[in-house]
Amino acid sequence: MFNFAPCIISILAKISINIKDGSIKKADTIIGIDLGTTNSLVAVINTTNQQPICLSENAENIVPSIIYFAPDGTIRVGAAAKAHLIMDPQHTIYSVKRLLGRSYTDIQSHANSYGYKIIEDETKAMVRVEMNGKFYNPIELSSYILKALKANAEKALNTSIKKAVITVPAYFNDSQRQATRDAGKLAGLDVLRIVNEPTAASLAYGIGLNKEEEKCIAVYDLGGGTFDITLLRIQQGVFEVLSTNGDTYTGGDDFDRVIVEQWCQSIGVLIGTIEKNKSLYQQLRLEAERVKKELSSKNFVDCELEIEGRKHYFKYTIKQFNLAIQAIIDKTIDCCKRALQDAGISLKEIDEVVMVGGSTRVPLVIECVKAFFQKENLHNELDPDEVVALGAAIEADILAGNRKDLLLLDVTPLSLGIETIGGLMDTIIPRNSKVPQKAGRQYTTSVDGQTNLKIAVYQGERELVNDNRKLGEFILNNIPAMPAGFPKIDIQFLLNADGILKVNATELRSNTMQEIAIKPQYGLTDQEVESMLLASFEHAESDMAARLLVESKTEAEQLIYQCNKLLNANATFLTESEVLETEQLLSQLRKAIAEDNRDAINMQTERLNEYTRPFAERLMDSAIGNALTGKKLDAL
Ligand code: ADP
Ligand code: MG
């Protein structure tokens with residue numbers, strides 16, 4: 001679609017003047033990179049028409065993500081390396097993206113499917129590959145591909161490139177994202193942003209560029225070795241991932257494999273014997289790929305194969321091909337169903353479907369996706385190989401500040417909330433909320449007769465306030481003494497358009513009120529925001545565990561408090577054995593708390609709760625029931 005013609009490309013010529021010394025600096029070109037499992041591409045914005053365009057060295061935009069280690073020590077990347085898959089598979093590395101940020105344990109079950117040697121290492125460290133007696137990790141390997149793309153772009157644009165945006169699948173975890181970033185660094189690139197591939201693909205179709213627009217998008221990405229379906233909600237220029245699903249071992253390569261299987265069957269040779277001969281298998285696989293590509297625009301292909309010295313001629317039809325691949329496509333459709341379920345949305349809510357990846361050129365794939373999503377039209381006008389790179393270039397352009405209106409200044413980058421009992425963060429305004437914004441919630445006290453409340457305001461994504469940034473605190477005092485759980489404390493956050501936060505706390509029963517103004521953004525640089533976000537992804541699992549433990553402990557302590565109250569005030573109301581049993585259960589629960597054992601805490605809480613529930617009912621003390629519900633704030 002976008003043909004590369006060097007003469008029409010003018011690089012981003014944004015100029016800045018240093019006021020101190022009057023020097024003029026030309027803004028750096030930022031490239032967008034799709035670092036794919038099978039193929040990689042690089043794109044920039046053509047400043048003559050503001051359209052993204054893929055760059056290439058020799059008219060071929062696609063750089064196969066393949067690295068060849070020649071016996072003489074040279075390293076070749078791309079098309080030059082692809083040829084060696086047949087001649088020298090042991091020294092030709094493909095699908096390195098699958099290894100990025102992963103340990104041997106992660107990929108163990110598929111270790112045999114690689115033609116090259118992956119070091120068996122039982123540790124949690126990143127996998128390594130052995131090549132000519134040297135060890136390489138996937139970050140280094142990916143950096144070779146990135147270096148090649150950078151060099152292509154530099155040659156095409158005739159300028160040096162230092163900055164890039166790199167795309168990754170939406171499901172990439174933090175270590176995979178970090179590894180991608182590091183690969184960029186190793187290739188001499190300052191990676192300004194890691195962007196989700198489905199987000200980039202949507203941007204390439206202009207989806208999300210209009211801030212008024214609110215849409216649900218399905219991005220169906222069938223590449224060479226992987227399938228991803230991502231459901232996005234785009235609102236106010238914010239791309240929210242609703243769900244992702246897919247199969248990291250399903251893709252166009254499987255189409256090639258089933259074609260080879262079909263051929264072997266019809267010729268009467270065992271696929272097992274062919275597979276043992278790695279170079280013959282690769283040869284047949286590449287031939288199958290060629291035939292498959294032709295079948296995207298033809299009904300049959302005349303084939304000529306040479307197996308074990310015998311030549312075979314036959315006609316391979318689209319009908320045979322469709323039969324062979326139906327099961328694989330069905331698998332991808334199952335993933336789409338699951339993605340919808342996980343997102344909790346119905347088919348009808350999907351406004352648009354974006355097709356990504358070379359394999360979405362296969363007519364049966366298009367047909368099945370249309371049928372499943374009940375759409376007459378899909379977004380497949382752009383080259384499905386290029387869309388991700390093109391979108392990455394648009395993102396790069398946004399970051400370069402060339403699309404000011406898209407700076408997304410109208411959202412709060414980090415969540416705002418208050419500290420609740422146990423040091424937990426309770427988010428009141430979630431990140432990416434548009435400003436101005438007003439939100440509030442009601443809280444209550446945890447101790448009888450509490451007359452003061454500390455309200456501490458935090459910003460960040462972590463579960464524990466200690467890991468977030470404190471913005472300020474104030475005290476709500478003069479609350480009339482009431483039993484725990486009785487006061488109704490209403491906390492309102494008002495974030496105005498300048499990013500100034502006003503916090504207002506009112507005790508509704510007595511109408512006691514306090515208010516403070518806090519400026520949340522103060523002193524936080526973009527980098528700090530980013531690193532806090534990254535930290536929240538990085539620690540999501542351990543944070544969740546910590547939060548669950550704190551919640552269990554808090555609940556347990558509340559119950560202990562109530563039970564003690566019950567025992568002290570109403571000992572006569574209970575039989576001696578009931579008192580004894582309660583005390584025993586209490587001590588078991590305290591022991592579980594002391595051991596930080598969440599399962600034991602939950603179990604003992606449940607037991608104590610079960611046992612004492614009838615007493616509480618007998619007492620009909622509504623304060624107890626009240627105190628056991630709602631979020632509580634610490635006493636001063
Ligand atoms: P990845 O994102 O995994 O790097 P790509 O999106 O580049 O992969 O897709 C590569 C796959 O697309 C390969 O399996 C290739 O055979 C397939 N492909 C490319 N062109 C066509 C075509 N015209 N018809 C069918 N499949 C194609
Ligand atoms: Mg891809």
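Position 1 is the first residue of the sequence, and the numbers go up from there. In each ligand, atom 1 is the first atom listed, and ligand 1 is the first ligand listed.
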Would [X] count as a polar contact of ligand 1, with the cut-off being nitrogen or oxygen pairs under 3.5 Å?
| X | answer |
| --- | --- |
| Asp221 | no |
| Thr38 | yes |
| Gly357 | no |

Which residue supplies the protein heavy atom nearest to [atom], what is that atom called, and how far is it?
| atom | answer |
| --- | --- |
| atom 25 (C) of ligand 1 | Ser296 OG, 3.3 Å |
| atom 15 (C) of ligand 1 | Glu289 OE2, 3.3 Å |
| atom 27 (C) of ligand 1 | Gly358 O, 3.3 Å |
| atom 7 (O) of ligand 1 | Asn39 ND2, 2.8 Å |
| atom 8 (O) of ligand 1 | Gly224 N, 3.2 Å |
| atom 19 (C) of ligand 1 | Lys293 CE, 3.4 Å |
| atom 2 (O) of ligand 1 | Gly223 CA, 4.1 Å |

Judged by atom type as modelled, is there a donor-acceptor pair below 3.5 Å linking the side chain of Arg98 to the main-chain atoms of Gly225?
->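 Indeed, once roles are kept as given, a pair shorter than 3.5 Å links the two residues.
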Can you spot which of [options] makes a side-chain contact (heavy atoms from CB on, under 4.5 Å) with [X]?
| X | options | answer |
| --- | --- | --- |
| Ile62 | Asp383, Asp385, Thr38 | Asp385 |
| Val291 | Glu287, Lys293, Glu294, Glu289 | Glu287 |
| Phe321 | Asn299, Val362, Val258, Leu364 | Val362 |

Distance, nearest 0.5 Å, that separates NZ of Lys370 from SG of Cys368 |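 If we round to the nearest 0.5 Å, Lys370:NZ and Cys368:SG are 11.5 Å apart.
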Just how far is it from atom OG of Ser346 to atom CG of Leu340, taken to the nearest 0.5 Å?
->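 Answer rounded to 0.5 Å: 8.0 Å.
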With the threshold set at 4.0 Å, does a side-chain nitrogen-carboxylate oxygen contact exist between Glu197 and Lys97?
->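 Looking at Glu197 and Lys97, the cut-off is met.
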Does Lys337 pair with Asp334 as a salt bridge, N-O distance under 4.0 Å?
->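 Salt bridge between Lys337 and Asp334, a charged N being under 4.0 Å from a carboxylate O: yes.
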From atom 17 (C) of ligand 1, work out which of Lys292, Glu294, Arg361 has a heavy atom at the shortest distance.
->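 The option holding the nearest heavy atom is Lys292.
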May I ask you to list the atoms of ligand 1 that are less than 4.0 angstrom from any heavy atom of Gly252?
->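 So the answer, numbered in order with elements, is 14 (O).
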With heavy atoms of Val362 as the reference, note each atom of ligand 1 found under 4.0 Å away.
->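 Answer for ligand 1: 25 (C).
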So, does Ser359 sit close enough to ligand 1 that a heavy atom of it is under 4.0 Å from the ligand?
->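 Judged by the 4.0 Å heavy-atom criterion, Ser359 does count as contacting ligand 1.
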Below 6.0 angstrom between ring centroids: does that apply to Tyr136 and Phe69?
->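 Centroid distance Tyr136-Phe69: below 6.0 Å, so yes.
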